[in-house]
Structure formats: structure tokens, C-alpha cells
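Beneath this line is the structure, given in C-alpha cells, with notes to follow.
Being a predicted model, the structure only gives us computed values, none of them experimental.
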Amino acid sequence: MDLDFVRVHAARPVAELTRRDVVRALLAVPSGVALVALPDLRRAMERAGNPLTPPFWESARTALGAIESGAATVGDVQRWLESTGTEPLLLTRSMFVWPEEDERGPVAEEMFHRLVAHLERRVAAGEVDPDALALGDESARASYEEIQERWLGAPLPDGRVPRDAVSDEQDEELSAAWHEEEAFALGELRRIMADLPEADRPGEALRAASTRLRELMTAPGYPGNVLRACAGYEGGPLPADDEELWLTVAAGIAGPISDLPEEGDTADAFADLEGELNSEDSVLAALCAIDHADWLAVVAALARRGPGVLASPERIARLIAESEDIDVRMDEPEDLESAEALFGSVTPLWACLGIVDRSEVLTPLGHWGLPRALDRAWSQAG
């Protein structure tokens with residue numbers, strides 16, 4: 001750990017090294033090594049004509065000492081790095097969060113380095129005072145935050161807004177990962193079902209279930225409003241074909257298409273981020289929180305066991321834990337409880353479709369329809 005290490009780590013000439021460059025290099029080695037090297041590093045910087053300032057070196061000694069003793073938190077270390085005056089805030093006042101360094105896409109990486117360069121210019125212009133930041137001056141910190149907020153929300157010469165460009169890239173990455181996972185799960189579902197005998201289509205049960213389903217979906221309140229949202233039928237006519245209606249709604253439970261209507265929502269309720277969800281919104285949130293692997297484990301297990309198997313939330317959680325089709329660890333009681341809670345929102349909706357009976361036992365209709373519904377959910381979403 002010497003000046004040459006810092007220069008190589010920062011990929012800059014010694015004369016151009018910033019406080020941020022030095023701190024990042026110090027954090028790249030064990031804190032004990034960095035502490036021992038600190039005095040020699042300071043003298044080498046002075047000899048090279050880039051001495052930095054006493055408040056910086058004191059902040060480095062204090063921070064490294066706290067890290068070495070185990071007293072520093074992750075937040076303390078991040079705050080020290082930000083106090084260099086050219087490190088973008090990990091979390092801004094407007095709740096913008098930069099992706100972790102090893103998780104940034106090309107756009108996020110570009111915008112991050114653009115902001116670093118912008119902050120370096122602000123330091124050179126005297127608009128950012130790193131010494132005041134190192135000393136914990138709240139006014140300097142507020143000004144530092146405001147400079148970053150303005151930059152994140154201002155269009156670049158090419159028209160891109162940094163905050164939006166980074167968020168859009170993250171959304172695209174999440175969507176791509178989601179679709180990749182979904183495509184894999186669909187392939188596994190089809191592979192599993194190809195090895196099982198095809199279930200007979202229970203026509204009479206399907207007609208009866210569809211008749212009940214039409215009544216529910218035209219009635220106000222739960223469960224009709226949730227079923228309509230799942231199927232994406234809010235405000236539109238229901239299909240005339242019973243099988244089309246039933247499969248679309250069953251598929252929607254595994255992959256809800258729309259949200260509940262917002263007529264009853266007030267502006268105050270929408271803005272209350274800490275407010276509790278109503279029961280219907282909680283059901284939809286639970287459906288959306290179930291991942292592909294859990295759906296695959298449950299439907300595959302029920303397809304193998306056939307009609308008459310218990311499909312209660314408790315049993316479903318156990319089926320996931322014991323699955324032959326997914327590699328999952330659910331060793332802790334909380335893992336089972338979480339799966340049970342999520343599927344506690346599923347089984348009442350399944351009962352509305354006749355997938356399970358009043359005793360939460362899988363019916364012939366559920367045995368026939370669940371794999372087809374899941375296949376449809378994942379095929380249409382892709």
C-alpha cells in the first residue's frame with residue numbers, strides 16, 4: 001500500500017489524484033494495512049506536490065481506526081467516502097439509489113462517472129468544500145446533496161435525464177431477468193407434464209365452475225374484483241367460451257394482469273407510503289410475490305399426485321419444501337410460514353374456480369386445469 005498502488009488503482013497521474021481516489025485505494029486493502037501505510041502515503045503525496053489537507057488525513061485516520069476496531073458501520077464508511085466531495089451519494093433525498101458497483105449496467109456506469117466528473121468540477125470551482133464535509137458540516141452536506149439532486153434531474157446535452165436513464169436501464173434488466181426465469185420455468189413445466197398422463201377434461205365441472213365464476217365476476221367487492229384484476233377483465237366483456245374464461249382467470253391468479261381500480265383511493269391514501277394495504281390489495285400483492293419456482297413446485301406436485309390431494313396453504317408450503325423439481329432450502333420455520341402466508345391468498349381464489357373444494361382438496365377440474373393455466377400465464381407473459 002503506497003503511492004504507486006493508489007495511482008494504479010485510480011488510473012490517474014499522482015498530480016491528479018483526488019481524495020476519493022485515495023479513499024477508494026485505502027478501502028481496497030485491509031484496514032490495518034491502510035492504517036500502517038497512511039503516514040508514508042501522506043508524506044509521498046506531499047513530496048509529489050499533491051498534499052491534500054490536514055482535515056482529510058485526520059478523517060482517514062479516524063475512519064480507518066473505526067473500521068479496524070469494528071466500530072464503523074457500512075453507513076459510516078459510505079459517509080466517509082462521500083465526504084471526499086466527489087463520491088455520488090448512494091441514496092439521495094429524492095430516494096434515488098445507485099446500483100452497487102458490480103451490478104451497474106453500461107448506462108448506470110456512464111452516468112455515475114459523469115457525476116463524479118461533474119463533482120470534481122464543482123470542487124475545483126469552490127462550490128463543494130471537501131474539508132467542511134470531512135468535518136461534518138451539515139450546511140456543506142446539504143449543499144452537496146442539492147448539487148447532486150439538480151444534476152440527476154437535469155437533461156444532458158443529448159436529452160437524457162440521468163436519473164431516468166439509470167432507472168430505465170434497471171427496469172429493462174429486471175424485466176429481462178424476469179422473462180428469462182419465466183421462460184426457463186415454462187420449459188420445465190412442459191417437460192414435467194410431458195412425462196405425466198394427460199388428465200381428462202371434466203366438461204360438466206368446467207361448465208358449473210364457469211357459471212359460478214361469471215356470477216362472482218359481475219358482483220361488486222371481493223372476490224370478483226380481484227378475479228377481474230387477475231384476468232384483466234376490468235371494464236370489458238367476459239368471454240363467451242367457458243374454457244377460455246376459466247383458464248384466463250386461473251392463469252391470472254398465477255400472473256395478475258392489472259391492478260384493482262382506484263376509484264375509492266384518495267390522494268392522501270396514495271401518498272401515504274407507510275399506510276396499510278386493504279385486504280384486496282394485499283391479496284394481489286401476495287399473488288405477485290410468489291416466484292416462478294414456487295408456482296412450478298406446487299403445480300407439478302399437484303399434477304403428479306392427482307385429484308384428492310390436500311392443497312391447503314400449509315400443505316402447499318410443505319410441497320415446495322419437498323419439491324422434486326426445484327432446488328430450494330426451506331429449513332427455517334419462517335420460510336414455511338412465508339410460503340404458507342402467500343398461498344393463503346391463492347387457495348380461496350382457487351376455491352372460487354373449483355380448483356379445490358371446500359376442504360381445500362384438489363378437484364379433477366383443478367388437476368386438469370392448473371398446469372394448462374400456468375402454461376398460459378407464462379406463455380402470454382413472454
Side-chain angles (χ1 to χ4, degrees), residues 1-31 33-35 37-46 48-68 72-93 96-102 104 108-109 111-152 162:
M1 177 64 204
D2 55 14
L3 184 55
D4 194 52
F5 175 86
V6 179
R7 177 187 60 78
V8 172
H9 188 270
R12 292 191 193 214
V14 172
E16 297 177 12
L17 290 175
T18 66
R19 298 166 189 240
R20 176 177 180 270
D21 294 331
V22 175
V23 169
R24 283 173 57 84
L26 291 169
L27 290 173
V29 299
S31 54
V33 173
L35 270 172
L38 201 60
D40 287 342
L41 180 60
R42 181 176 183 176
R43 286 190 288 270
M45 291 283 288
E46 290 172 350
N50 188 5
L52 303 183
T53 65
F56 167 74
W57 294 109
E58 180 59 27
S59 74
R61 186 187 65 79
T62 301
L64 290 170
I67 295 171
E68 179 66 13
T73 65
V74 173
D76 293 335
V77 176
Q78 180 65 29
R79 184 95 174 189
W80 174 44
L81 182 55
E82 291 169 357
S83 75
T84 61
T86 57
E87 173 69 14
L89 300 172
L90 183 62
L91 172 65
T92 71
R93 285 180 293 180
F96 174 82
V97 181
W98 286 101
E100 294 291 337
E101 187 168 359
D102 59 353
R104 290 179 203 144
E109 189 71 14
M111 294 301 166
F112 191 89
H113 287 296
R114 279 178 176 266
L115 179 52
V116 170
H118 176 74
L119 293 172
E120 289 177 352
R121 291 191 292 270
R122 302 285 70 75
V123 170
E127 296 174 26
V128 173
D129 185 348
D131 281 347
L133 291 172
L135 294 170
D137 186 292
E138 290 303 322
S139 176
R141 175 78 181 190
S143 175
Y144 186 51
E145 293 174 354
E146 180 59 29
I147 287 172
Q148 297 194 42
E149 289 284 7
R150 287 199 305 269
W151 186 87
L152 285 167

Starting at [atom1] of [X], measure out to [atom2] of [Y] and round the result to the nearest 0.5 Å.
X	Y	atom1	atom2	value
T62	I67	OG1	CD1	11.0 Å
T92	E146	OG1	CD	10.5 Å
R24	L27	CZ	CG	8.5 Å
R122	T86	CZ	OG1	13.0 Å
W98	R104	CH2	CZ	7.5 Å
L115	L152	CG	CG	6.0 Å

Can you name the nearest heavy-atom pair linking [X] to [Y], along with the distance?
X	Y	answer
V77	A72	CG2-CB, 4.4 Å
A15	N50	O-ND2, 3.6 Å
A10	L17	CB-CD2, 3.7 Å
A108	P99	CB-CG, 4.2 Å

With the side chain counted from C-beta on, respond yes when [X] and [Y] share a heavy-atom pair under 4.5 Å apart, and no when they do not.
X	Y	answer
T84	T18	no
D129	D137	no
V116	P88	yes
L41	D2	no
L26	M1	yes
V128	Q148	no
L89	Y144	yes
L133	E82	no

Answer yes if the side chains of T53 and R19 hold a donor-acceptor pair under 3.5 Å, and no otherwise.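 Note: T53 and R19 side chains meet the donor-acceptor criterion.
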Do NZ/NE/NH1/NH2 and the carboxylate oxygens of [X] and [Y] come within less than 4.0 Å?
X	Y	answer
R150	E127	no
E58	R61	yes
R20	E120	no
D4	R7	yes

Could you check E101 against F112 for side-chain contact (heavy atoms from CB on, under 4.5 Å), going step by step and ending with a plain yes or no? CA-CA 10 Å; E101 187 168 359; F112 191 89; over 6 Å; no
W57/M45 under side-chain contact (heavy atoms from CB on, under 4.5 Å): CA gap, chis, key distance, verdict: CA-CA 11 Å; W57 294 109; M45 291 283 288; 4.1 Å; yes
Without swapping roles, check the side chain of S59 against the backbone of F56 for a donor-acceptor pair under 3.5 Å.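 Yes, because the side chain of S59 sits within donor-acceptor range (under 3.5 Å) of the backbone of F56.
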Taking it one step at a time, do D40 and R43 satisfy salt bridge (charged side-chain N to carboxylate O under 4.0 Å, His left out)? CA-CA 5 Å; D40 287 342; R43 286 190 288 270; 2.3 Å; yes
Stepwise, does the side-chain contact (heavy atoms from CB on, under 4.5 Å) test hold for I147 with H118? CA-CA 9 Å; I147 287 172; H118 176 74; 3.9 Å; yes
Check the orientation of F5 and H9. Use parallel for under 30°, tilted for 30 to 60°, and perpendicular for over 60°.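 Geometry flag for H9 against F5: parallel rings.
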